[in-house]
Amino acid sequence: ARAESIPTEAPKQLCDNACESELENAPMVTTPSGLQYKDIVLGNGPSPPIGFQVAANYVAMIPSGQVFDSSLEKGAPYIFRVGAGSVVKGLDEGISTMKVGGKRRLYIPGSLAFPRGLNAAAGRPRVLPNTPVVFDVSLEYIPGLSDTDFE
């Protein structure tokens, strides 16, 4: 069998073509740190308190749109503690003001992304030091926190 006969699966995305056109008209929010974002879907659950874990899906891209990392390809949401510094600063800040069920596109400046760069995984682009990155992120749930805690 020849390699080109193997169907290639399109990369999984959080934002399809319809979503992309909606984003063109969505208002851009800029925070004091320089992080910018556009909400794709406003969630209706709680926002994550600092120190709580969150489960989020993400697709991380360089500005050209080339994906360098994605939880969707790994098949499970990424779980991390908000405010603990375990993810890039821009993702930490951007997810902290989301609500469960929300989706957001984060435009993360280089200083809040990978100040020292990020080596490429196989078949992925390298992220050069201080390069801005784009994250599409969805806040799936907050383990240990129920919606009734905020009613």
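Computed from a predicted model, the values in this text were never measured in an experiment.
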Discussion item. Is there a side chain to side chain contact (heavy atoms under 4.5 Å, CB included) between Arg126 and Asn119? Walk through the geometry before answering.
Written reply: CA-CA 5 Å; Arg126 180 170 181 258; Asn119 289 329; 3.8 Å; yes

Worksheet item: Checking side chain to side chain contact (heavy atoms under 4.5 Å, CB included) for the pair Val127/Phe114: CA distance, chi angles, key distance, verdict?
Response: CA-CA 8 Å; Val127 179; Phe114 300 97; 3.9 Å; yes

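Across all their heavy atoms, Phe68 and Val133 have their closest contact at CE2-CG1, 3.8 Å. Looking at every heavy atom in both residues, Gln36 comes nearest to Thr30 through NE2-OG1, 3.0 Å. The two residues Val67 and Pro125 make their nearest non-hydrogen contact at O-CD, 3.4 Å. When every heavy atom of Ile142 is checked against every heavy atom of Gln53, the shortest pair comes out as CG2-O, 3.2 Å. The shortest heavy-atom contact between Pro129 and Pro115 is CB-O, 3.3 Å. Nearest heavy-atom pair, Phe80 versus Asp92, reported as atom, atom and distance to 0.1 Å: CE1-OD1, 3.8 Å.
In this structure, CG on Leu14 lies 5.5 Å from NZ on Lys103, to the nearest 0.5 angstrom. Ser33 OG to Leu35 CG: the interatomic distance, rounded to the nearest 0.5 Å, is 5.0 Å. From Asp136, atom CG reaches atom CG of Leu23 across 7.0 Å, with rounding to the nearest 0.5 Å. Atom OG in Ser86 sits 5.5 Å away from atom OH in Tyr78 (nearest 0.5 Å).
Residues Glu73 and Ser71 bring no donor and acceptor atom of their side chains to less than 3.5 Å of each other.
Counting non-hydrogen atoms of other residues, nucleotides and ligands closer than 6.0 Å to CG of Asp16 gives a total above 12.
Using a 4.5 Å cut-off on side-chain heavy atoms (C-beta onward), Met28 and Arg105 make no contact. Put simply, the side chain of Leu112 reaches to within 4.5 Å of the side chain of Glu93, judged on heavy atoms.
Judged by the 6.0 Å distance and 45° axis criteria, Arg104 is positioned over the aromatic ring of Tyr37.
Looking at Ile108, Asp69, Val59 one by one, the single match for side chain to side chain contact (heavy atoms under 4.5 Å, CB included) with Phe135 turns out to be Ile108. When the options Ile40, Val54, Leu106 are evaluated for a side chain to side chain contact (heavy atoms under 4.5 Å, CB included) with Val137, the one that passes is Leu106.
The hydrophobic clustering, which links ILVMFWY residues whose side-chain heavy atoms are closer than 4.5 Å, places Tyr141 and Ile50 apart.
Using a distance-only test at 3.5 Å, with no hydrogens or angles considered, no donor-acceptor pair links the side chain of Asp39 to the main chain of Val41. A donor-acceptor contact shorter than 3.5 Å is absent between the side chain of Asn57 and the backbone of Ser138. Judged by distance alone, with hydrogens and angles left aside, the side-chain atoms of Lys99 form no donor-acceptor pair with the main-chain N or O of Leu42 at under 3.5 Å.
We find that Lys38 and Glu22 are not joined by a salt bridge, their nearest charged nitrogen and carboxylate oxygen being 4.0 Å or further apart.
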